[in-house]
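Quick notes on the structure that follows.
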2 protein chains.
Amino acid sequence: MTAPAERDKRVPLDRRARRRAETIAEILDRAVVIMSDDGVAGLTMSGLARAMSIQPPSLYKYFPSVNAVHDALYRRGQEENLAVLRAGMACAEPGLPRLRSGLTALGRWAVANPVLAQLLFWRPVPGFRPSPDAFAAADEVVELLRGGLRDAVAAGQLGPAAASERGLTLLSALHFGVLSQHLANDPGGDWETGTYTSLHPTVLELFEAAFRAGASRD
Amino acid sequence: MTAPAERDKRVPLDRRARRRAETIAEILDRAVVIMSDDGVAGLTMSGLARAMSIQPPSLYKYFPSVNAVHDALYRRGQEENLAVLRAGMACAEPGLPRLRSGLTALGRWAVANPVLAQLLFWRPVPGFRPSPDAFAAADEVVELLRGGLRDAVAAGQLGPAAASERGLTLLSALHFGVLSQHLANDPGGDWETGTYTSLHPTVLELFEAAFRAGASRD
DNA sequence: GTCTATAGGACGATAGAC
DNA sequence: GTCTATCGTCCTATAGAC
């Protein structure tokens, strides 16, 4: 009944919406390239418009401010990071193997996406604070890792202290230590052969040794 | 004979030189405050002049560009860092205690001087590359740590592999992992009680355990 | 060494025509 | 949604008087 009228109006709207989403995605892609060239804090609306071959005012039809671009990138990063962790954990058995697989996937993603990784984990843009909404995925990442530690403890592969806040903190310091040194001193290196990233398995072993079931370390 | 003439000219020159050095030191102090408030990349000549209550052109009598200010800060940071490491190592016995003491001193300094630490170890200022001259002290820091590892191996406190490049790389990843997480997520915390920094002794123990004399780890 | 004045440019963001 | 034009602000750096 109302189908023709609806189609007449809605199909063009959908096409426009899709085209708009594509443009937004392209803007974010170019923003990452700029931040890769000029530093994570080097993104500007002017430069972004230049890279898109449009005029600055046109950009404001998609993002109300440069901060909004940062926030959209932050959200994209958190969501990719979460998806990568899920995928990494899904393809290994519960317990220690799953935890290792997840952390390795996170490390590989960070090395392959240094700009987003820095934006997410080191806050290098003065004045930018992610919106609570964009931050949401980060909580889930932590929850997944916490669960991984609990499973490894339940399986008897790690001592109970590994599932404490201290265990999680130590694990993050070890994991991000490798990544931080890689990004600062060996950004061109790849995951397998990088000066620092090649130590990631070793670092995980150190964590496991510290919290091996029966170990006395608190 | 020429003494009076020399004194008439040289004494005022020394006073001026000393006053100039004091002014330069004050400029650098204020620059650190600005970078602490506005982010490490937030230093500008205009803002620096405002903070000094002088006009921008006057600043150029002391530093030819904003980059020169960054470089002077970088040099100051490297030299302080080296001095702190020397002092830390000097007040402990050779071998493992000296290595621990040196690394702890470095960690304390970084936590107390987050701006300089970020400038030295994470290069957060787009476009700034330290001059080779300003970088010089960094080599000496590495040499001291290398020597500390060698001594600990010679004393039988660590296995020979600890003194390898891989050992040094692992040690730096562990040390800077704690610092990196601290600066990003707990910058207000102090060394003893900080969420991450309180784990510094633990990560040193992990390193020692990995390379304990007789351990099979490569 | 200090200042005033200024050149010359980049940036964020908006108004309003089309 | 695109553009031209523009405002206001901030910046680096220099010229030249005192």
Side-chain angles (χ1 to χ4, degrees), chain A residues 9 11-31 33-35 37-74 124-129 131, chain B residues 9 11-31 33-35 37-74 124-129 131:
Chain A
K9 285 188 179 174
V11 168
L13 280 177
D14 286 348
R15 295 173 71 100
R16 280 184 203 161
R18 206 180 54 218
R19 175 118 179 91
R20 182 178 171 83
E22 286 170 4
T23 304
I24 287 177
E26 191 190 338
I27 290 172
L28 295 182
D29 288 341
R30 304 251 185 179
V33 174
I34 291 173
M35 293 163 98
D37 291 345
D38 302 348
V40 182
L43 182 68
T44 67
M45 289 300 248
S46 312
L48 188 48
R50 260 195 307 279
M52 292 285 294
S53 299
I54 61 174
Q55 297 303 314
S58 302
L59 263 187
Y60 285 84
K61 298 290 178 181
Y62 300 96
F63 294 98
S65 69
V66 65
N67 215 290
V69 180
H70 282 129
D71 205 59
L73 282 173
Y74 187 93
V125 182
F128 166 62
R129 297 282 304 169
S131 62
Chain B
K9 285 187 179 176
V11 167
L13 280 177
D14 286 347
R15 295 172 70 99
R16 280 183 204 161
R18 204 180 57 217
R19 175 119 178 91
R20 183 177 170 85
E22 286 170 5
T23 304
I24 287 178
E26 191 189 339
I27 291 172
L28 295 182
D29 288 341
R30 304 252 187 179
V33 174
I34 290 173
M35 293 163 99
D37 291 345
D38 301 348
V40 182
L43 182 68
T44 67
M45 289 299 249
S46 309
L48 188 48
R50 260 195 307 279
M52 293 283 296
S53 300
I54 61 175
Q55 296 303 314
S58 303
L59 262 188
Y60 286 83
K61 298 291 178 180
Y62 300 96
F63 294 98
S65 71
V66 64
N67 214 291
V69 181
H70 282 128
D71 204 60
L73 282 173
Y74 187 93
V125 182
F128 166 61
R129 296 282 303 167
S131 62

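Within every chain, numbering begins at 1; the chains are lettered A, B, ... in the order of the sequence lines, protein sequences first and strands thereafter.
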If you round to the nearest 0.5 Å, how far is [atom2] of [Y] from [atom1] of [X]?
X	Y	atom1	atom2	answer
B/Y62	B/E26	OH	CD	9.5 Å
B/S65	B/L59	OG	CG	11.0 Å
A/T23	A/K61	OG1	NZ	14.0 Å
B/M45	B/I27	CE	CD1	8.0 Å
A/R19	A/R15	CZ	CZ	10.5 Å
B/T44	B/D38	OG1	CG	8.0 Å

Study note, to complete from the structure: Closest non-hydrogen atoms of B/A41 and B/P124, given as atom of the first, atom of the second and distance, are CB-O, 3.7 Å
Check your understanding: What heavy-atom pair brings B/A72 and B/L28 nearest, and what distance separates the two atoms?
Key -> CB-CD2, 4.0 Å
Revision key, fill the gap. From CD1 of B/I34 across to C1' of D/dC11 the rounded distance in Å is 14 Å
Exercise for review: Can you tell me the distance, in whole Å, between the CG atom of A/L48 and the P atom of C/dA13?
Suggested key: 12 Å
Review point. Near B/R129 CZ, under 6.0 Å, is it more than 12 heavy atoms from other residues, nucleotides or ligands?
Key: no
Exercise for review: Classify the angle between the aromatic ring planes of B/F128 and B/H70 as parallel (below 30°), tilted (30 to 60°) or perpendicular (above 60°).
Suggested key: tilted
So which protein N/O to nucleotides 1-5 of chain D N/O distances come out below 3.5 Å?
from  : atom 1 : to    : atom 2 : distance (Å)
D/dG1 : OP1    : A/R20 : NH1    : 2.8
D/dT2 : OP2    : A/Y62 : OH     : 3.0
D/dC3 : OP2    : A/Q55 : N      : 3.1
D/dC3 : OP2    : A/S58 : OG     : 2.8

Review point. Which parts of nucleotides 7-12 of chain C does protein reach within less than 4.0 Å, heavy atoms only, written one letter per nucleotide 5' to 3' as B for base, S for sugar-phosphate only and - for none?
Key: ----SS
Review point. How does DNA chain C read in dot-bracket, base by base from 5' to 3', with Watson-Crick or G-U pairs under 3.5 Å and | used when the partner is on another strand?
Key: ||||||||||||||||||
